[in-house]
Participant: 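Dumping the structure here so I can ask a few things about it.
In this text, all values refer to a predicted model and were calculated from it rather than measured experimentally. In what follows, chains are A, B, ... by sequence order, proteins preceding strands, each numbered from 1.
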Number of protein chains: 2
Amino acid sequence: MGQTVATIDDVAKKAGVSKGTVSSVFSKKRPISRQVTERVLEVAKDLGYFPNHVARSLAIKKTMIAGLKMPVSKDSNMSGFEIQMINGVMKECSRNGYRLLLDTLPEHDDPTQFSIDPVDGVIMLNPRKQDPRIERYKQMGIPLVLVGRPDPMDDTVCYVDNNNRDLGFKVGEYLLGIGHRDILFLNAASDMTVAYDRESGLAESFAAQGIPFDTVQVLHYRQYRYNAAEYGYRSILETFGKLPYTAVIADTDRVALGVLRAARELNIDVPERMSVIALSNDATVAQETTPRLTAVDQSAEFLGAEAANILIEKMNDSSIVHQRVIEAKLVIRESCSRLS
Amino acid sequence: MGQTVATIDDVAKKAGVSKGTVSSVFSKKRPISRQVTERVLEVAKDLGYFPNHVARSLAIKKTMIAGLKMPVSKDSNMSGFEIQMINGVMKECSRNGYRLLLDTLPEHDDPTQFSIDPVDGVIMLNPRKQDPRIERYKQMGIPLVLVGRPDPMDDTVCYVDNNNRDLGFKVGEYLLGIGHRDILFLNAASDMTVAYDRESGLAESFAAQGIPFDTVQVLHYRQYRYNAAEYGYRSILETFGKLPYTAVIADTDRVALGVLRAARELNIDVPERMSVIALSNDATVAQETTPRLTAVDQSAEFLGAEAANILIEKMNDSSIVHQRVIEAKLVIRESCSRLS
DNA sequence: CTGAAAGCGCTTACAG
DNA sequence: CTGAAAGCGCTTACAG
């Protein structure tokens, strides 16, 4: 077996032309006569020749690949939000001829291990506080778009983000509006900026109406202990009857699924005796529960698509700086009711 | 601004060493004195130098990237199965230091447009019949693992697959065992080999007991018409009362969610008046419905992990050929009942 | 432990 | 329309 794969040189030689010509036949960057084109193509087919993407990338300094830096979550799966986000990113990339390099590799601290990845730009999910990678990408000359806001704030970096403070505020406003004061908040993990922002917003909505916030109990997710649905399920089992809440805010619709199951088991009527609202809105989950979930639409897919679009723009003109904050939308369905 | 990014040459020059030395400092492939190492690292930091992955890949003919070829689905999202599969692939890749190149780009037919991708191997999801890509990867010398079986069968290609025939058989056996004969089968799209295989298996289970198969109604999903949950929902609305089924087989748990919702709206008691079984088992969906879904566990994540592991083996020894067929497991929960 | 030089497989001015 | 040659930024025998 001819173990080795044919290169442009092999084709050029066998076809009796220069490699520049073979290159042009494949890249179509300059016109080649039909005669020659056909001969080259035939030889290429014979030899099983295909242009080498890596070599091409090195020469033109372009890979047509976008990187997606995922937070390292050892063995937990992608959340619904992440999945939808990726969907959005993927569609836009695909539409524009880009592929996606999914990077879930853990960070190392050995400065010798960083490298300029084979990508034309990267989207980074959930940057950490003082994230050193942001500065690094700048040095590497690689366009970067964050999903989530930089912390501390930095006007020179591109990002898309939910307005999580506003999200919390709206939820609070809604719940207060229908009479709930005693609320169980099943929040995200405490080290996430979204957890902080949402709780702040929620508190603000109380403050705005001069209502003390101490009737709100906040729990935080710990992903090493159990999965999202389990988090919702157990939280209810462990607190119902002990804490006096009439409404629960679930961080995600998965969490809400668990809450609903616990409610069923404990024979708690939702929404009559307990209202439930989810802070994310998975199209195929939230609408298929009983009762259908009232939820906040974080537009995860839209967020991803926006990030991709900004990145694509920036890959063509690196001077561009865009920030985009998406307002959350409350989707009222059936899982909350007025407290009488 | 120094628009351009520093290269190994810049570092070598400024540090007064050869580029081979700089290379060795970063790759650690040959020992360099502490003195020199430190100087080089300092200069590198000064200059903001990071090794270029593409150049390195070209030189060593290795990218440490695995490709994942996804079926082109214009604008529909990833299915639960795909997501779990990807999760499995990702974890194994990550564990072994590989990143993942997600490729959802549509196929073209222009022979001039193919290229050897910047990957060390690829996992291909749902190969089509007579898929031309299989032969192409062979020519390119790129290790390939299929998820789903090659059609026509080919002993020289690696793949992992569910035993879909057996899956259909088991479901039939189970349903027959609890007295159901009149069945509505909400099958996958008709051009998928899984749809064919599962229906065959189901038919076999009837044949095995000498029961005619004509009491089974088979519908096929058409993704351009609606999403999965909608497929389940509408199918029930449109057929209940007109077709005499006592049990429905839903292609996925998403489809089953729609079926359950329709049942609720029509006031059909599940499982008393209608049994429901799903052909896939999303951990966080199937267990959170009411009633909890009886389902077939396709082990999507396991399948993905296996595919990745075989690929990783094959990338190190391309002569390896592994096939792995995973048996389906019936997970009996609450959504089916004996027909009295 | 370190250097000089060829090589990885392409592209692209430049010249004709 | 086509060719010769330099270049993209690394690595790796070979030699010392």
Participant: Could you list all the ring-ring contact (aromatic ring centres under 6.0 Å, His included) pairs where at least one residue sits in residues 41-64 of chain B, not counting sequence neighbours?
Facilitator: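 Residue pairs passing ring-ring contact (aromatic ring centres under 6.0 Å, His included), neighbours aside: B:F26-B:Y49.
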Participant: Applying a 4.0 Å non-hydrogen cut-off, can you work out what A:K19 is touching in the nucleic acid: base, sugar-phosphate, or nothing?
Facilitator: base
Participant: Roughly how far, to the nearest 0.5 Å, is CD of B:E92 from CD1 of B:I312?
Facilitator: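 Going from CD1 on B:I312 over to CD on B:E92, the span is 6.5 Å.
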Participant: Please tell me if the side chains of B:I65 and A:P118 come closer than 4.5 Å, counting only heavy atoms from C-beta onward.
Facilitator: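 Side-chain contact under 4.5 Å: yes.
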Participant: For A:L58, report the nucleic acid contact type (base, sugar-phosphate, nothing); a contact means any heavy atom under 4.0 Å.
Facilitator: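 If one applies the 4.0 Å heavy-atom cut-off, A:L58 turns out to touch a base.
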Participant: Students often get this wrong, so: under 4.0 angstrom with heavy atoms, is A:F26 touching a base, only sugar-phosphate, or nothing?
Facilitator: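 Touches nothing.
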Participant: Please figure out whether B:G20 or A:F50 has its closest DNA chain C nucleotide nearer the 5' end.
Facilitator: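 That would be B:G20.
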Participant: Please list residues of residues 32-48 of chain A whose heavy atoms come under 4.0 Å from any atom in DNA chain D, ordered by number; otherwise none.
Facilitator: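 A:I32, A:S33, A:V36 - these, ordered by number, are the residues of the stretch whose heavy atoms sit under 4.0 Å from the strand.
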Participant: If the condition is side chain to side chain contact (heavy atoms under 4.5 Å, CB included), which residues does B:S33 pass it with, not counting sequence neighbours?
Facilitator: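 Counting only residues at least two positions away or on another chain, B:S33 forms a side chain to side chain contact (heavy atoms under 4.5 Å, CB included) with B:Q35, B:V36.
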Participant: Should B:P143 and B:D120 count as side-chain neighbours, where that means a heavy-atom distance under 4.5 Å?
Facilitator: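 With C-beta onward as the side chain, the pair stays apart.
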Participant: Should A:D117 and A:K69 count as an ion pair when the cut-off is N to O under 4.0 Å?
Facilitator: yes
Participant: Heavy atoms only, 4.0 Å cut-off, all strands: where does A:V17 land among base, sugar-phosphate and nothing?
Facilitator: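 Since only primed, P, OP1 and OP2 atoms lie under 4.0 Å of A:V17, the category is sugar-phosphate.
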Participant: Answer yes or no: is there an ion pair linking B:R39 with B:E42, defined by an N-O contact shorter than 4.0 Å?
Facilitator: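 Answer for the salt bridge query: no.
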Participant: Could you give the distance separating C:dT12 and C:dG16 at their C1' atoms, to the nearest angstrom?
Facilitator: 16 Å
Participant: With nearest nucleotide decided by heavy atoms, which residue, B:T21 or B:I116, maps closer to the 5′ end of DNA chain C?
Facilitator: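 So the residue in question is B:T21.
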Participant: Under the side chain to side chain donor-acceptor pair (under 3.5 Å) rule, what do A:N87 and A:E301 come out as? Steps first, then yes or no, please.
Facilitator: CA-CA 6 Å; A:N87 260 319; A:E301 187 170 332; 5.3 Å; no
Participant: According to the Watson-Crick and G-U wobble definition with distances under 3.5 Å, which dot-bracket string, read 5' to 3', encodes DNA chain D, using [ ] for crossing pairs and | for pairs with another strand?
Facilitator: |||.||||||||.|||
Participant: Got more than 12 heavy atoms from elsewhere within 6.0 Å of NZ, A:K14?
Facilitator: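 Yes.
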Participant: Run the ring-ring contact (aromatic ring centres under 6.0 Å, His included) test against A:F114 and tell me which residues pass, sequence neighbours left out.
Facilitator: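 A:F114 satisfies ring-ring contact (aromatic ring centres under 6.0 Å, His included) with A:H108 once adjacent residues are dropped.
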Participant: If the P atom of D:dT2 is compared with that of D:dA6, how far apart are they to the nearest Å?
Facilitator: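 23 Å, rounded to whole Å.
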Participant: Any luck finding a side-chain donor-acceptor pair between A:T21 and A:S24 under 3.5 Å?
Facilitator: no
Participant: Can you give the first and last nucleotides of DNA chain D, 5' to 3', that have an atom under 4.0 Å from a heavy atom of chain B?
Facilitator: D:dG9 to D:dC14
Participant: Let me know, please, whether B:S27 or A:A59 comes out on the 5' side of the other along DNA chain D by nearest nucleotide.
Facilitator: A:A59
